[in-house]
> 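Structure provided below as structure tokens; questions to follow.
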Amino acid sequence: MSSIDYVTEYDAIVSVVGNYIEGGKKGSGATTKRAFHEVATIVGYAGGSLLGPEIQKLYDFQDKYGPSPDVAIRFTRVDISGTAANVRIDASMAGKPLFTDFMNMVKLDGAWIIVSKVFHMHA
């Protein structure tokens with residue numbers, strides 16, 4: 001892919017990450033799983049302990065704690081270079097920051113997929 005249509009690729013990336021966002025709002029690990037490659041990883045501190053690298057821990061967390069429909073989530077950066085991308089999303093509730101996610105993505109067989117998530121939970 002020598003030159004890319006940034007708008008088309010951006011829309012495709014936002015759609016995939018949208019599954020992650022929808023899964024969090026619904027409290028559904030199965031919905032979130034649609035955004036991630038089967039060997040994806042997750043790393044970040046949750047409650048003072050390092051979480052990861054198994055992505056299944058994210059799905060289990062969402063299933064256990066349920067929906068978060070009032071979380072406001074915004075894309076704050078989308079960087080695309082050929083078949084690689086990095087997405088930053090920030091979430092808040094009632095004006096307080098909750099977390100920042102960095103999603104690394106790869107375009108495999110013509111479709112974008114998240115291969116790793118690194119996150120920061122705000123105090």
> Is there a path of hydrophobic side-chain contacts, each under 4.5 Å between heavy atoms of I/L/V/M/F/W/Y residues, joining Ile113 to Val87?
no
> Taking it one step at a time, do Phe102 and His120 satisfy side-chain contact (heavy atoms from CB on, under 4.5 Å)?
CA-CA 9 Å; Phe102 298 94; His120 172 74; 5.8 Å; no
> Please work out which of the three classes, parallel, tilted or perpendicular, describes the rings of Tyr65 and Phe61, given edges at 30° and 60°.
tilted
> So how far is it from Asn86 CG to Asp79 CG, rounded to the nearest 0.5 Å?
6.0 Å
> Can you see which heavy atom on Gly29 is nearest to which on Asp63, and at what distance?
N-OD1, 2.7 Å
> Would Phe75 and Val118 show up in the same hydrophobic cluster when neighbours are defined by side-chain heavy atoms closer than 4.5 Å?
no
> Restricting to non-hydrogen atoms, name the atom on Pro97 and the atom on His122 that form the minimum distance, rounded to 0.1 Å.
O-CB, 3.5 Å
> Are Phe119 and Val115 in one and the same hydrophobic cluster, where Ile, Leu, Val, Met, Phe, Trp and Tyr link if side-chain heavy atoms are under 4.5 Å apart?
no
> Would you compute the distance between atom OG of Ser28 and atom OH of Tyr59 and round it to the nearest 0.5 angstrom?
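Between Ser28 OG and Tyr59 OH, I get 11.0 Å after rounding to 0.5 Å.
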> From Asp5 CG over to Tyr10 OH, what is the distance, rounded to the nearest 0.5 angstrom?
13.5 Å
> Is there a side-chain contact between Trp112 and Ile80 (heavy atoms, below 4.5 Å)?
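Yes, at least one pair of side-chain atoms sits under 4.5 Å.
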> At what distance, to the nearest 0.5 angstrom, does OG1 of Thr76 lie from CZ of Arg88?
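Between atom OG1 of Thr76 and atom CZ of Arg88 there are 4.5 Å.
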> Nearest 0.5 Å please: distance from the CG atom of Leu58 over to the OG1 atom of Thr32.
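If we round to the nearest 0.5 Å, Leu58:CG and Thr32:OG1 are 5.5 Å apart.
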> Transitively linked via ILVMFWY side-chain contacts under 4.5 Å: Ile89 with Val71?
yes
> Measure across Pro67 and Lys26 and return the closest heavy-atom pair with its distance rounded to 0.1 Å.
CG-O, 3.5 Å
> Report, one line per pair, each donor and acceptor closer than 3.5 Å where one atom sits in a side chain of residues 36-52; sequence neighbours left out.
residue, atom, partner, partner atom, Å
His37, ND1, Val39, N, 3.1

> Does any non-hydrogen side-chain atom of Asp90 lie less than 4.5 Å from one of Arg74?
no
> Are Ile21 and Met121 connected, step by step, through hydrophobic side chains (Ile, Leu, Val, Met, Phe, Trp, Tyr) whose heavy atoms are closer than 4.5 Å?
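Linked, Ile21 and Met121 end up in one cluster.
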> Any chance you could measure Met103, atom CE, to Ile13, atom CD1, to the nearest 0.5 Å?
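The CE atom of Met103 sits 12.5 Å away from the CD1 atom of Ile13.
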> Please indicate whether Lys25 has more than 12 foreign heavy atoms, meaning atoms of other residues, nucleotides or ligands, lying under 6.0 Å from its NZ.
yes
